[in-house]
Structures are given as structure tokens and as C-alpha cells.
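Throughout, a chain's letter reflects where its sequence line sits, starting with A, and its residues are numbered from 1.
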Protein chains: 2
Amino acid sequence: MDDELLAVRVAELYYDENKTQDEIGALLGISRWKAGRLLAQARERGIVRIEIVHPRARRLAIERSLRERFGLADAVVVPTPENESGVQGRVAQAAADFLTSLRPVPRVLGVSWGRTLTDVAERMPDGWATGVTVVQINGGVSLNRRPGTAATLASTIAQRGRGHAVLLPSPAILERLSTKKAIESDRTVAAVLDRASEANAFLYSAGVVDANSAHVESGYLRPEDMDELAARGAIGDVVGRYIDPNGNIVDPSLDERTLGVSLDTLRSAATAILVVAGTAKHDVARAVVTSGLCTVLITDEGTARALLEDS
Amino acid sequence: MDDELLAVRVAELYYDENKTQDEIGALLGISRWKAGRLLAQARERGIVRIEIVHPRARRLAIERSLRERFGLADAVVVPTPENESGVQGRVAQAAADFLTSLRPVPRVLGVSWGRTLTDVAERMPDGWATGVTVVQINGGVSLNRRPGTAATLASTIAQRGRGHAVLLPSPAILERLSTKKAIESDRTVAAVLDRASEANAFLYSAGVVDANSAHVESGYLRPEDMDELAARGAIGDVVGRYIDPNGNIVDPSLDERTLGVSLDTLRSAATAILVVAGTAKHDVARAVVTSGLCTVLITDEGTARALLEDS
DNA sequence: TACGCGACTGCTCAGATGCGCAGTGCGCTC
DNA sequence: GAGCGCACTGCGCATCTGAGCAGTCGCGTA
């Protein structure tokens, strides 16, 4: 019996039958050490595959690579399920878990909005913090369909953290610069923005340049605007601001009319957590990560690998 | 963090990161014993999946069930690959492996013929035995297409075992009983049949009742005969003899005209090895195994599970 | 033939691991 | 409120396991 076959037999007896290497040796007529060595070989050669099968499993090795490669303070990578549809939920869960065990517990948490973050909010455990203040960091949506999701999201996170939410009562993008300036200088709005920029941690996601974007759906941008942004090299948005692959603002005049914390605020934040999932968002994710917009990345394996592969 | 999630973390650190339970304890702020217990839980609950990925891997647990359930001397079960087309080869390989390590090494080995056994023969390693005599146990085929496969098969096994083959120079099924008796009483043929019935071990496969059967292809039976056999309750054949689900001869007059060792010879043999693979053969396999026609079963996981599930 | 080299084997020994046990805290019952 | 059972924790100890080491064998070379 050649060594490879022998290694298979040893692995079977060890892992499937819970025999000790000693027993296996006796059984197969080899020494206990040889059994051990064959077992090691079986593992090395990939004959034995050990997998952690759990919706909340993580990919620590990839996380380490991400941290090193992009100088991140932390990274969380969850396996992409065969069926990509579940990936968003898994990443959201991971974000909720991360936030829950984040130390020191942030007193003021700045949050953006979007489908992904809504998912995260729903997954926050009750009592994840005691007395957190959740501040919206960019203008809210009022989707015609589901009004108030942005506000709900912030409130949910706040409530579960035994604290309260500070909402930003403003559209995401104003049609005219003067209006934006006016709103911005309103006492209550200014106060919110102040709190926002002082947050201990920011939690946000990223959007893609696409006619289905929430900005279009909510009427802040027209499909033509999206085309224009795309033509100018935009690959997605972060806290409502459209960036190119280098993380630079694509359309300064549009950006001027966008209400919320600036990208620089994110860049200089001690903790800026990007939550992003799915194939469609690989490009934005890369832009955000490489341009230092986040210190923590929470994503799926597919996205992580895409980030590590090229560039 | 609840215990399940903790168990996932422990498993990741243990299996993916090669940390000791001690280190894991320190890392997660739990005692080394708790880490160990969580690890055990993770394995029990199936969070950790350990798999032996190898074409020659086996399913020892199922083998044990088969032995116990059907009182077999031995059983070999290989995992069914996703792509069922490879299953035949794997089972054949397993049969070759089994024969190679069979102790005591049979001096006289009785073999049947067929696609499966041809596969086995091709996979026998050179020098698997020293001086074995391989005897054909039922009438040979002379497929118009590939003449002499039956003989080739026996010779191959014999050559690789440094021995010689004893061929049965006769058709599988004779048209008339008198002819069969005549051939059977021929000195050389009788001598072969004698050797065959004295074999230390028998190696054979099983066929299904089907118009594509080798018996039809070789002209021993007509498609109508097959229909008739099926109508009478035949589910397949063993060494050329058609049996019903209980392992009984379906058509005694046909059986009388079939040349080769009897089913009773197989039933009373010390070692009768059935090699059978694939979904189509589940029924025949069940008939053979439940009616005590074999002492050793070599098959794929799908077939094994089918046998264990019902009845 | 003698020598050197590499592959392999079995061994020692320290470190890692699992089992059984006793102690502790919690909730339930009477 | 006392008593009881149960789940969980940390620990001692026997066992299992991996790393490093020296001895052996086969082979090619000087």
C-alpha cells in the first residue's frame, strides 16, 4: 500500500473513527510515529479538509492579509455562501457582532443609512451598549415606499444600546447650494453635524453608481445624473458623496450640495467602519479601502479576495 | 457573546490558526478547559466539518453498519462523487485495493465478467499476489465489439498476480439444455468448473434486467426474453443467473441452460465478493446482499445508503 | 571498498489534550 | 427559608501528540 493511500486510511481512522495514532499504528501495522507523520502529510496535502460551517464563521487568515495590506485597524471577513443572496445578511450580522464587542464601547456612534445598515441595525442585540448616542452623519432618505428607514435604523441601534438617536433632519442632496448652506447653518442641523463630526466611531456602507441607487429612487438624483457621474469616473458613493477609484470626489459642485460629514472627517476618524457586501460593490470597496476612508472593513470573502488579488 | 458563537471562534482559532486551547483561552478570555469543551461542542454540533477528500477515501461508519445489518464479513464503501460518472471507477479501485490486501491471499480466485470487473482488473497492481490461479466461474462473453474481454479480464488479474488464468471455454447461456449438459460434461470444461467451485474466493458483479444487458448484446438473450424476465419479477443477474428480489432463480428452465457455478456455490463460499456501483444497481445489490449471496460487499455510498435505508 | 548524502525509522521528552471529580451558584420545590 | 437538583467551572492526572534527535539503510561516488 503506497504512502498516499496509507495516509488516507490513517486520516479516516483518526478523524472519522476517533482512534488514537497508537491504535491506528497497531491496526495498520505501522509505528505510532509513522501514523502521526502520515496524518500530518494528509493534512498538508489537503487530503483532510477541515471547515467551519456556520453562518457566523470568519476567515481569519484573509482578515490578517487585509489588515496588513491596507493598514487597517481591523477587518472582518465572512465566507460567501454558495447562494450569494445570503451574503448581505451574513456581513450585516458580522458588523453587528463587531460593534457589540468593540472596545472601548463608543459613546457617540455616527451612522449613515442604506439597505446594508438597516440589516445591521436589525441584527444588533438588545443591550449591546449602555447609553450610546447614535448620530446620523448624512442627510436622510425618505423613500416614497418605506418612509423613515434612515431614522428607524439609527433609532433601532440607539434603543438596543440603551441610548438615543440624534437625527439629521435634512435631505441627502439639495437642489441648490444656497438651500444647502441655509439648512446647514440652521441651529439644530448644525448641532447635529457637530455631534456627528465628534463621534467616536463611524459606521457606514457604500453604494454603487446605478440607476437603482437609493439616491435616484428617493428623487435626489435623476437617472441622467447617474449616467453623468459614471461618465466622469464615479464608481460609487460613501455617505452620499460620489467618488472615483482613487477615493476623490467626482463632482465638486454636486458634493457641495450634499449634506453630511465630509470624507475628510471619515479619513481622520479613529474608527471608521465600512460594511460592504456582494460582487457589485467590489469596486467601491476597493476605492474606499485604498484611499484610507475606513479603518475597519467588514465584508464577505469574495470582496476580500477581489481586494487582495489585484492592485 | 453566546456559547455557539464562542464555539465558532474557538474552532476557527484551533483549526484555521493552529492555536493551542491554552492560547485560545487567553485570547478569548476563557479558561483553557472551557475552550476545550467549546471545541468538543463545535465538533458535536457539526460546526466543524472534517472531510477526507480523496478518490480512495472510504466510509468506515457505513461499512460497519452494512456488516452489522447484513452479517457481512466485510464491506467497502467509497463516497459517491458529485459527478456519478466516476463512481464505477472508484468502486473498481476499491475492489482492487481490497483484493490486494485480502489475507490470506487466495490461491484460487473465481471471477465472473462484465464492465465492472474489467475495470477492477485494470486497476489491480502488478504483483498483488504471487502465483494466484484465476478461474472463470461462468460462461464467457464474446461481445461482437470487443472480443474476449472476459478472458482478458481473468488473464490480466492472473498475470498481475504472477499466476495464470483458467478460462471457461463456453457460452454463457446455451440455447438448448442438452447442449449445455454436453458441454458441461466435456472433460476440460468439467475440470474448469471443478476448480471454480473450489476457489478460495469469488469476485463478481451484478447486472440489471435491461435491453442493454451484455447478455442481449452478446446474443445470449433476446430483448423479448428480457421483457419476459422482468415480467416474472427478475431484477438482475449474478454470474449470469437471473434472480428476483429475494435472491431466487426467476426462470429455472433458463437457469438450467446457464453454464457456470451455481448460486449455492456462492452462498456457501467462505469469501464471495460482490462489486457493484451506481443507482441503477440498487435493487440487484439489495437482492444479493439480503439473500446471502455475498460475504463481502464493495460499493458506493449511494448504494450503501439505499441498502440501509429501507427493508 | 570506504565515504558521504539523503530518506526514513523509532525514540525521548515536553507540551497539549481529554476525562473524571469536586466545588460553586442558581433556580425550583416544599 | 432550607433542601435539592442541575448546570457549569476549574483542576489533577493519565494519555495523547508533535518536535527534535540519533541510528539505520540504500545509493551513488571517489
- Within the modelled atom types, does a donor on one side and an acceptor on the other bring the side chain of B:W33 and the base of C:dT17 under 3.5 Å apart? no
- Separation of atom CD1 in B:I24 from atom P in C:dG18, rounded to whole Å: 11 Å
- Message: Using the side-chain heavy atoms of A:T20, tell me which of these nucleotides is nearest: C:dA16, D:dT17, D:dT9.
- Response: D:dT17
- When rounded to whole Å, the CG to P distance for the pair A:L13 and D:dC16 reads 15 Å
- Task: Could you state the atom-to-atom distance from CD1 of A:I30 to P of C:dC8 in whole Å?
- Result: 14 Å
- Query: Do you know which of B:L102, B:V296, B:T271 makes side-chain contact (heavy atoms from CB on, under 4.5 Å) with B:D74?
  - Reply: B:V296
- Task: Would you mind reading off the distance between A:K34 atom NZ and D:dT17 atom P, rounded to a whole angstrom?
- Result: 18 Å
- Tell me which of A:L39 and B:S31 sits closer to the 5' end of DNA chain D, going by the nucleotide each one is nearest to. B:S31
- Task: Output yes when at least one side-chain N/O atom of A:Q21 is less than 4.0 Å from OP1 or OP2 of D:dG18, else no.
- Result: yes
- Nearest-Å distance for atom pair CZ/C1', residues B:R37 and D:dG10: 8 Å
- Within-4.5 Å side-chain heavy-atom neighbours: A:I62 and A:R305: yes
- Nearest-Å distance for atom pair CZ/P, residues B:R32 and C:dG18: 9 Å
- Task: May I ask you to verify if any side-chain N or O of A:Y14 is less than 4.0 angstrom from the OP1 or OP2 atom of D:dT17?
- Result: yes
- Could you give the CG-to-P distance, from B:D22 to D:dC16, as a whole number of Å? 20 Å
- Message: Between P on C:dA7 and CG on A:D3, what's the gap in Å once rounded to a whole number?
- Response: 14 Å
- Query: Got B:L27 and B:E23 here, is their nearest side-chain heavy-atom distance under 4.5 Å?
  - Reply: no
- Task: Verify, without hydrogens or angle tests, whether B:S205 (side chain) and B:V275 (backbone) share a donor-acceptor contact under 3.5 angstrom.
- Result: yes
